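Convention: sequence-line order gives letters A, B, ...; per-chain numbering from 1. Keep in mind the model is a prediction, meaning the values are calculated, not measured. Values reported hereafter were calculated over all heavy atoms of this structure, with side chains retained and with hydrogens, waters and symmetry mates removed.
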Amino acid sequence: MEYNFRKIEADWQKYWAENQTFKSENNSTKPKYYVLDMFPYPSGAGLHVGHPLGYIASDIYARYKRHKGFNVLHPQGYDSFGLPAEQYAIQTGQHPAITTEENIKTYRKQLDQIGFSFDWSREVRTSDPNYYKWTQWIFIQLFNSWYHKTTDKAEDISTLIAIFSSEGNSKVKAACDDNIEAFSADEWKNFSEEKQQKILLQYRLTFLSETEVNWCPGLGTVLANDEIVNGVSERGGHQVIRKKMMQWSMRITAYAQRLLDGMAKIDWPQPLKDIQTYWIGRSEGAMVSFKVLSPAPTVAGKLSQGKGVRDSGYLTGNQDIAHLLLEKAKEMRANPTPAESFLWEQLKSKKLDIKFRQQHLIDDFIVDFVCLTKLLIIEVDGKIHESQIEKDLERTKILENKGYKVIRFTNEEVIGNIDGVVSKIIVELEKRPAPTTAGKLSEGKRASENNEVLPLGKDLGWDIPVFTTRPDTIFGVSFMTLAPEHDLVPMITTPEQKVVVEAYIKSTAKRSELERMADVKTISGVFTGAYALHPFSGKKIPIWIGDYVLAGYGTGAVMAVPCGDQRDYDFAKHFNLEIPNIFEGVDISEGAYTDKENSVIANSDFLNGLPYKKALKRIIDETEQLGFGYGKVNFRLRDAVFSRQRYWGEPFPVYYKNGLPQMIDAKYLPIVLPEVEKYLPTEDGKPPLGNATVWAWDTKKSAVVSNQLIDHKMVFPLELNTMPGWAGSSSYFNRYMDPHNTEEFVSREAVEYWQDVDLYIGGSEHATGHLLYSRFWQKFLFDKGIVPVDEYAKKLINQGMITGTSAFVYRWEFGKGNGSDMAKKTIFVSKPIMERIIAERSTIKHSNKRLIKEQVDLLGACEVKDSSANEWSNFTPIHADVSLVNAADELDIEAFKNWRPENKDAEFILEEGKYIVGREVEKMSKSKYNVVNPDQICEEYGADSLRMFEMFLGPLEQSKPWKTSGISGVLSFLKKLWKLYIVDNKFSVSEENPSKEEFKILHKTIKKVEEDIDNFSFNTSVSTFMIAVNELTALKCNKRAILEPMAILMEPYAPHIAEELWKNLGHATSVSSVDFPIFEPKYLVESSKEYPVSFNGKMRFKIELPLDLSVKEIEDAVMAHEKTQEQLQGRVPNKVIIVPGKIINIVG
RNA sequence: GCCUCGAUGGCGGAAUUGGUAGACGCGCUGGAUUCAAAAUCCAGUUUUCGCAAGGAAGUGUGGGUUCGAUUCCCACUCGAGGUACCA
């Protein structure tokens, strides 16, 4: 009696289908367990062996849970809207529904062949109107909702209207568009209906807005960020450009924080959580506003001419009275007070290693001493000044506003305690920002570029808000950079800079995203000529534009802190801008210091000496108090564009009245996709639905009617966009709970019973797409009370990819170009020979005499001209179909010749009559001829073999190469299992009591398999089964008490053979719901242990000892052993380590 | 650049809390059966020295902790995936 897997598998697949064995009920006294696979897109190519990997794993788990007494929900369906069917329709005119239907049939056949325990009665298809009715319904719910930040959940739009009517919109905290005008309750009530609707649209969770989108001309549609790879479309690799379009969007940003928080309670792979965390991109920091100052065109003009008083380098101040003050300063320098000259002696010497100036003109003041590089002013107050305290204070304030620090000493201090005074000055100098590129630039140029001491410009009334994660470094700001696209750029640019700024904007606009990404190294930017006012130091800081600042993130402007941000640093270096150091004890000569956790702030006024965290809190408090800004959390996550200009997707339940979107009442759903003649966009650029002739909404009849009836009174045009691919997959797992409900998306009872998915298996490529959007929808549905939990999948596993093992033949290219006969032949060289030729290329010279012997015969028939060694060793690897190669990498030459006509007359250089191919692991793909089809495998080895082998390949989550040769081991294992139940070619088991040894084999298998399934370590349980069967075979075990439980253990992995064995054991019903065998530890209790005995950690021999010995008895037994004495050779061990039941280690 | 994961025979991989490294399978070698092949069965298969008994080395590299490290710690190399002027 042979193991006839073809018949067995066909019989049981039929049985399961006829008996609806795996149909699950919504009311059951059993506990529920929901095992979900990511439903497939039914592509025309069908399944390859990589696709079912996750399905097999989840099927094993589902079957195991049934044995464990759970009511298991294990559904399957199709994500059947999508681009390939549409593109096929464009090419052939075949309706995508037909293509999809055909592909689904193929998929279903292939899936059934593998013996999955899906409950097909719950199948869903996203392209089925009965299904997408509910996708449309959820869309309407989103439209009718807004996000109330105070209650931190979505609420019905009516609660927002109530707030507007009672208090206007100034107090309400909502997730909404930027730039919403403020209005009072009265104003709201007086707004027209239209205006009210426009305002509400800015608050709804799905909303229309003009957004800059990724427009793909090649596909005629917009793409989401996750549909673009390396700047081109994921499908087709078409160019993508930025374009402004009116689009539906989903306000996913409202849920950003909750999407982050929710990850704490779900057991998903950490890398996947990391990807989502990064995608959401939460960063804490502050918004700080910088005021724009009027430019100082006269100064700028003079500067650029390099002339005038400023060129003297250190002479600074108001030019109009400068000549008068200069005279005065000269006079004062000539007549110092005693204290002044005493201090000057100290300051002018090189002791301080920094240059001071005496009686120097700054602005309209003459100061006693100044260090221009450190902006430190030292005043020595004599009696004359006593009466002027108030004036001095004012003077200090003005100077400090210009970035100077003023310290004062009395005459008595200077004369009485010169050392104390000098050390105070040193301390102050150290606290001041470091001189910038001082060494390289002439001091004069540096001072004038910094412009700290230029007259302050007028406040122009413009603010530039910036977002920063490091407000603590604000004193390190030495310039600002705006994105070239920033709105303020044209306003603030000075006439002198206008030309270069405009040229720069033009040049950056031309660069595509792709270029900008590829070219991050090039630093570019231009100065606008404008200055901003530093809110704390009062310094003037230049405003630049640069393309390293992105318009789309934050406010499109940054406060540049070159000492703390590498990009700012590079920019500053490149343009010779100041790089003040505001970190204590840190060298920034080579690069920015970005380690915020370990930074201590210096040269920053009230932040001096504070570590990062304290400085952060202090500066935010200060900023908020002074009204310059506020603490803010920023997210990288953008609202999700929800419109696609495609045909084969869910139509929106939306019509337009006066240009404003109106929802169709849910009771008229579904709005069914209209028929069109052509699936391409219309000639005037409308989406494909623009081709539909019956696509208007009659508000009276509540029906879709002909476009000709549109009168904009009762009959209105319908939305022409369709929903994106992720719409249908964002809540399908809830619909499986109650798939035939025509009244509700999912009934309360069903969703209360099934709750959520317990185990979800699918690919990690959906991390920022489906897996994020579906979490968003779930949270929304939770807020609305439709589902009871706000995370829908407790555990997620990402199965790894099964890669292909491509086969290569090597075409010998020698003789090409020299016109020899050889060039006309196609010669394939076996891999080892090719390798030898390459290795020996140096010995192959200009004659064929020295060729290694394998080639001589073949070459003898050809005329060979001189050729260089490189030509001899030139080979082109060509993919050969993997089905033409056997397990030992030998090519079936005849089959290969017939495979493709161009190889028909090819010649082969063999070794021992064999052609050995090269192997390489690559992604499975048609073009690489390495695709293995599960149908062939099922036909040749059976579904059970396929299931077990896919699991046996390696850990589920790991990517691993497929090699068909390995499957023979699994098939022979199944045959061996089968044979255990056969005596004299007949099915027969013995009723005898099993031996202790047989029970031990069974129970250690139960234990291991249970543990393995709980850990999703399916590969190791396959080898456990093999071990068990090998051992039982060795014992010739044929006993029912062992073989019956074995059949149950096998069922999740190899259900067909298990059912057949179970039937032959005399059972009338399916094995699938039988209780799992119970592990009994008593069978594994051992009385003795074969201890490994190590000497200095190296195992030398083994010794069998009873397990109940004490440590002392074990030691005695070991030390008495002859081999121990042999190892020790008379030495006395330093130490004997004994771990009872584990190991003995003798040290010495 | 950053984040995550990984690296063990010819290959896929095993070793669950630190305790006999290489389970199980493929491939390979030899043998049995057969007219022959397929299928099946038996034995061997990390490298190296040795006829053997037995010895030495060995889990990407270099250190460390430990009686003992594939496992823990530090530094590095290589590979895979994700992501990127995100302020």
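- Summarising the base pairing, B:C5 is matched to B:G79 through a Watson-Crick or G-U wobble pair whose two defining distances lie under 3.5 Å.
- Distance noted for atom P between B:G60 and B:U8: 6 Å (whole Å).
- Residue contacts for A:Val1147: at a heavy-atom cut-off of 4.0 Å it reaches the sugar-phosphate backbone alone, with no base atom in range.
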Can you tabulate the close N/O pairs, meaning under 3.5 Å, that link protein atoms to atoms of nucleotides 54-58 of chain B?
from, atom 1, to, atom 2, distance (Å)
B:A56, OP2, A:Arg1100, NH1, 2.9

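- Rounded to an integer number of Å, the gap from A:Lys573 NZ to B:C85 P is 25 Å.
- Listed by chain and residue number, A:Arg282 satisfy the salt bridge (Lys or Arg N to Asp or Glu O under 4.0 Å) test with A:Glu284 (two or more places apart in sequence, or in another chain).
- When both distances must be under 3.5 Å, the Watson-Crick or G-U wobble mate of B:A23 does not exist.
- Annotation: B:U45 and B:C26 have their P atoms spaced 16 Å apart (nearest Å).
- Residue A:Tyr278 contributes atom OH, which lies 12 Å from atom C1' of B:A87 at whole-angstrom precision.
- Taking atom CD of residue A:Gln270 and atom P of nucleotide B:C3, one finds them 14 Å apart after rounding to whole Å.
- Figure legend. B:U16 is base-paired to no nucleotide; pairs are counted as Watson-Crick or G-U wobble with both atom distances under 3.5 Å.
- Between A:Phe571 and A:Phe479, the ring center distance clears the sub-6.0 Å criterion.
- Across every non-hydrogen atom of A:Ile601 and A:Ser604, the tightest pair is CG2-OG, 3.2 Å.
- Going from atom CG of A:Asp570 over to atom P of B:C85 covers 15 Å, rounded to whole Å.
- Here, B:G10 and B:C5 have their P atoms 29 Å apart, quoted to the whole Å.
- For A:Ile275, whose side chain is taken as the heavy atoms from C-beta onward, the closest listed nucleotide among B:G82, B:U16, B:C85 is B:G82.
- Comparing B:U59 with B:G64, their P atoms are spaced 15 Å from each other, to the whole Å.
- Under the Watson-Crick and G-U wobble criteria, each requiring two contacts below 3.5 Å, nucleotide B:C41 is paired to B:G31.
- Look at A:Tyr553 and you'll find a side-chain N or O under 4.0 angstrom from OP1 or OP2 of B:A87.
- The separation of B:U77 from B:C86, taken at their C1' atoms, amounts to 31 Å, rounded to a whole angstrom.
- If you check every strand for non-hydrogen atoms under 4.0 Å, A:Asn798 touches nothing.
- For A:Lys1008, the side-chain hydrogen bond (donor to acceptor under 3.5 Å, both in side chains) partners are A:Asp1012, not counting sequence neighbours.
- Shown here for A:Pro1092 and A:Lys1102, the closest heavy-atom pair between the two residues is CA-CG, 4.2 Å.
- For A:Glu939, the salt bridge (Lys or Arg N to Asp or Glu O under 4.0 Å) criterion is met by A:Arg6, not counting sequence neighbours.
- Mapping A:Thr469 and A:Ser959 onto RNA chain B by nearest heavy atom places A:Ser959 at the nucleotide closer to the 5' end.
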Exercise answer: donor-acceptor pairs, residues 553-564 of chain A side-chain atoms, under 3.5 Å, sequence neighbours excluded:
from, atom 1, to, atom 2, distance (Å)
A:Tyr553, OH, A:Ser283, OG, 3.1
A:Tyr553, OH, A:Asn634, ND2, 3.4
A:Thr555, OG1, A:Pro465, O, 2.7

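- Residues that satisfy the side chain to side chain contact (heavy atoms under 4.5 Å, CB included) test with A:Pro535, not counting sequence neighbours, are A:Val288, A:Phe290, A:Ile474, A:Phe628.
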Could you list all N or O pairs between the protein and nucleotides 19-22 of chain B that sit under 3.5 Å apart?
from, atom 1, to, atom 2, distance (Å)
B:U20, O2, A:Lys1102, NZ, 2.9

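- B:A53 is unpaired under the Watson-Crick or G-U wobble criterion, no partner having all donor-acceptor distances under 3.5 Å.
- Base orientation for B:G68: anti, the chi torsion being more than 90° from 0.
- Of the listed nucleotides (B:C3, B:C86, B:C85), B:C3 has the atom at the smallest distance from the side chain of A:Asp274.
- Applying the side-chain hydrogen bond (donor to acceptor under 3.5 Å, both in side chains) criterion to A:Tyr1053, with sequence neighbours excluded, gives A:Ser1021.
- As judged by a 4.0 angstrom heavy-atom cut-off over every strand, A:Phe467 is placed among the base-contacting residues.
- Distance, A:Met559 CE to B:C86 C1': 15 Å, rounded to whole Å.
- Rounded to a whole Å, the NZ atom of A:Lys1008 is 6 Å from the P atom of B:A15.
- For the pair A:Met480 and A:Ile464, the minimum side-chain heavy-atom distance is below 4.5 Å.
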Polar pairs (N or O, both sides) under 3.5 Å between protein and nucleotides 24-27 of chain B?
from, atom 1, to, atom 2, distance (Å)
B:G25, OP1, A:Asn1030, ND2, 3.2
B:C26, O2', A:Ser965, OG, 3.4

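- Atom CD in A:Gln566 sits about 14 Å away from atom C1' in B:C2, given to the nearest Å.
- At a cut-off of 3.5 angstrom, the base of B:C67 holds no donor-acceptor pair with the side chain of A:Asn1134.
- Taking atom C1' on both B:G22 and B:U47, the two are 13 Å apart, rounded to the nearest angstrom.
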Could you tabulate the donor-acceptor pairs under 3.5 Å formed by side-chain atoms of residues 963-971 of chain A, not counting sequence neighbours?
from, atom 1, to, atom 2, distance (Å)
A:Thr964, OG1, A:Trp962, NE1, 2.7
A:Ser968, OG, A:Ser965, O, 3.2

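- Rounded to a whole angstrom, the distance from the P atom of B:A32 to that of B:G19 is 44 Å.
- Checked against B:G12, B:A39, B:A87, the side chain of A:Lys975 finds its nearest nucleotide in B:A39.
- Taking A:Asp267 as the reference, A:Lys795 meet the salt bridge (Lys or Arg N to Asp or Glu O under 4.0 Å) condition, with sequence neighbours excluded.
- Nearest heavy-atom pair, A:Arg636 versus A:Tyr278, reported as atom, atom and distance to 0.1 Å: NE-O, 3.2 Å.
- The residue among A:Asn1019 and A:Lys1135 whose nearest nucleotide of RNA chain B lies closer to the 5′ end is A:Asn1019.
- Nucleotides B:G6 and B:G55, compared at atom P, are 36 Å apart to the nearest Å.
- A straight line from CZ of A:Arg636 to P of B:C85 spans 8 Å, rounded to a whole angstrom.
- In this structure, CD in A:Glu1031 is found 4.5 Å from CD1 in A:Ile1001, a value given to the nearest 0.5 Å.
- Residue A:Pro955 is classed as a sugar-phosphate contact, given heavy-atom separations below 4.0 Å to backbone atoms only.
- When distances run from any side-chain atom of A:Gln958 to the nucleotides B:U16, B:G13, B:A14, the shortest one goes to B:G13.
- Listed by chain and residue number, A:Ser1110, A:Asp1116 satisfy the side chain to side chain contact (heavy atoms under 4.5 Å, CB included) test with A:Lys1112 (two or more places apart in sequence, or in another chain).
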